Amino acid sequence: MAGNDLTAPLGMGKRKFFRMPFGLIGMGIMTVILMTGLVWIGVVEDPLGGEPTAFVPLERTVEGLSSRDIAVVELNADIPGDSKPDGVQARVDTLGPRFEDAPVGAELNVASRRELSVLPDDRVTERADHGLVPKVGIDGIRPLDLYAKQIAAEPASAPRIAIIIGGIGLSEAGSRNALENLPPDVTFALAPYGDRLDRWMREARTAGHELLLQLPLEPFDYPDNDPGPHTLLVSLRGPEFMDRLYWLLSRFTNYVGVINHHGTRFTATEPSMQYLLEEITRRGLMFVDDGSSSRTVAPAVANAAQTPFSRVDIVLDAIPKADEINARLLQLEGLARSRGTAVAAGTALPVTIKALEEWSRDLEQRGLMLVPISATVDRAPQG
């Protein structure tokens, strides 16, 4: 070995290389970085290193507010200066009864507020040629507001059913039977040609029944089928039409609205329905379609005229037999559960009154709520 080293050319002797432990060095650097980060988080308690942050609550609960209270508004881009935008508008779609608030400081007594007046209120009454007729008061209050029955507070999810019994006043026995045996939340429709209507009005409202006036309208087979001498015809306009209408409206007082009696031709004639419902709205009343005609234009015309409106879904005693009426009542319950609200109508026949009396006995236990007709005004439109 010594000979080789001595005989090797100058500078060409055997070299020795030193190997660096790069793996150990890398692991050491990573450990230092990791430990530094953990110490920083533990001591400073701010992993973002002082970066500005803000916490915004994304959920806010307002007591008494539900999704039904939220309406779509129309926004106007023309916002002058820094003032509150005048272009934000919300259309109020509630056409049903607007009940007067209790006086400030007075205790709210729901039972007393459900008592119904039996005397006409001067604010919503005026004298015409044939007697007292309803009107809208100077402060905008309507007969519908003053004469409607305020229902007791119930769960919003409870299906509602309204029942209208017509022909009250035509038969002493039939009217008395209905008055004595039906629940107070059943609505009575008084016939304009009945006897002693003021007496029936007072007795019915004292018992807690909301009232409608039956309005005779022209059927397709008129005059063979004649609803009476003051029937409203599609051919009438002006003073003759209004004279007949005002005679009908003056038969009694304290009713919330009108319901058609017959009227297949009239309710299918749009100009005539427009003419009628404009006046009904001007008088502060609601209109109920009796559900007897599939050709009626009443829902569309009432919507355009902003008339408080409801429609009968099921006629109970088109076939006046107990089993048929019970079948219709069962159908009514199903409709109320699926839609939330359903309306039925019948007449003051003994078989109808008996069926309703038995059906209504355990209605609340079955999770259903009987309401007056005015409580159905703002229900969702049905196809």
Side-chain angles (χ1 to χ4, degrees), residues 151 154-155 157-168 170-171 173-191 204 209-212 214 219-221 225 227 259-264 267-268 288-296 298-299 309-377 379-383:
I151 61 176
E154 293 285 344
S157 60
R160 296 181 173 190
I161 292 178
I163 304 286
I164 302 168
I165 293 298
I168 301 297
L170 292 177
S171 164
S175 301
R176 181 63 56 193
N177 186 27
L179 187 62
E180 293 179 351
N181 293 292
L182 291 181
D185 285 320
V186 171
T187 299
F188 286 168
L190 275 62
H209 297 277
E210 206 171 74
L211 301 181
L212 293 171
Q214 287 185 294
F220 277 116
D221 52 354
N225 182 9
I259 181 172
N260 64 292
H261 178 58
H262 294 284
T264 50
T267 58
V288 182
D289 188 300
D290 73 351
S292 61
S293 174
S294 60
R295 300 175 61 177
T296 180
F309 177 78
S310 189
R311 184 180 183 182
V312 172
D313 300 302
I314 295 175
V315 178
L316 296 175
D317 51 8
I319 303 176
K321 295 181 179 180
D323 56 345
E324 291 289 342
I325 295 173
N326 290 330
R328 299 291 82 75
L329 288 170
L330 187 62
Q331 181 184 359
L332 181 69
E333 288 189 27
L335 199 62
R337 295 185 191 279
S338 63
R339 293 182 176 179
T341 302
V343 179
T347 52
L349 298 172
V351 65
T352 305
I353 303 305
K354 183 179 180 181
L356 283 173
E357 180 188 8
E358 296 175 352
W359 169 81
S360 61
R361 287 174 185 168
D362 61 346
L363 200 61
E364 292 184 3
Q365 286 73 16
R366 302 203 303 274
L368 298 166
M369 183 180 179
L370 193 61
V371 298
I373 189 60
S374 66
T376 70
V377 169
R379 61 173 168 162
Q382 305 298 334

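What you are looking at is a predicted structure, and each value in this text was computed from that prediction instead of being measured.
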Could you give the distance from CG (L356) to CD1 (I325), rounded to the nearest 0.5 Å? 7.5 Å
Of all the heavy-atom pairs spanning I353 and A178, show the shortest one and how long it is. CD1-CB, 3.8 Å
For the side chain of D290 and the backbone of A345, is there at least one donor-acceptor N/O pair under 3.5 Å apart? no
How many angstroms lie between atom CG of L329 and atom CH2 of W359, to the nearest 0.5 angstrom? 6.0 Å
Nearest heavy-atom approach of T264 to F220 is OG1-N, 3.0 Å
Ignoring hydrogens and angles, state whether a donor on the side chain of T267 or S293 is under 3.5 Å from an acceptor on the partner side chain. no
On a heavy-atom basis, the closest approach of P159 and A336 is CB-O, 3.5 Å
Listed by chain and number, what are the salt bridge (Lys or Arg N to Asp or Glu O under 4.0 Å) partners of E324, not counting sequence neighbours? R328
Could you measure the distance from the CG atom of D185 to the CD1 atom of I163? Nearest 0.5 Å is fine. 11.0 Å
side-chain contact (heavy atoms from CB on, under 4.5 Å), that's the test. Do R337 and L368 meet it? Break it down for me. CA-CA 8 Å; R337 295 185 191 279; L368 298 166; 3.7 Å; yes
Distance, nearest 0.5 Å, that separates OG1 of T187 from CD1 of I165: 9.5 Å
Do any N or O atoms from the side chain of T341 and from the backbone of T376 form a donor-acceptor pair under 3.5 angstrom? no
Residues S175 and G167: closest non-hydrogen pair is OG-O, 4.2 Å
Test salt bridge (Lys or Arg N to Asp or Glu O under 4.0 Å) applied to R366 - qualifying residues, sequence neighbours left out: E333, D362
side-chain contact (heavy atoms from CB on, under 4.5 Å) partner of P372, the single match among L211, V186, L212, I151: I151
Could you tell me whether the side chain of Q331 and the main chain of I314 form a donor-acceptor pair under 3.5 Å? no
Would a distance-only check, ignoring hydrogens and angles, find a side-chain to backbone donor-acceptor pair under 3.5 Å from N326 to A322? yes
How far does OG1 of T347 sit from CD1 of I164, to the nearest 0.5 angstrom? 12.5 Å
Smallest heavy-atom separation, I373 atom then S310 atom, equals CD1-OG, 3.9 Å
Closest approach of S292 and N260, non-hydrogen atoms and distance? OG-ND2, 4.4 Å
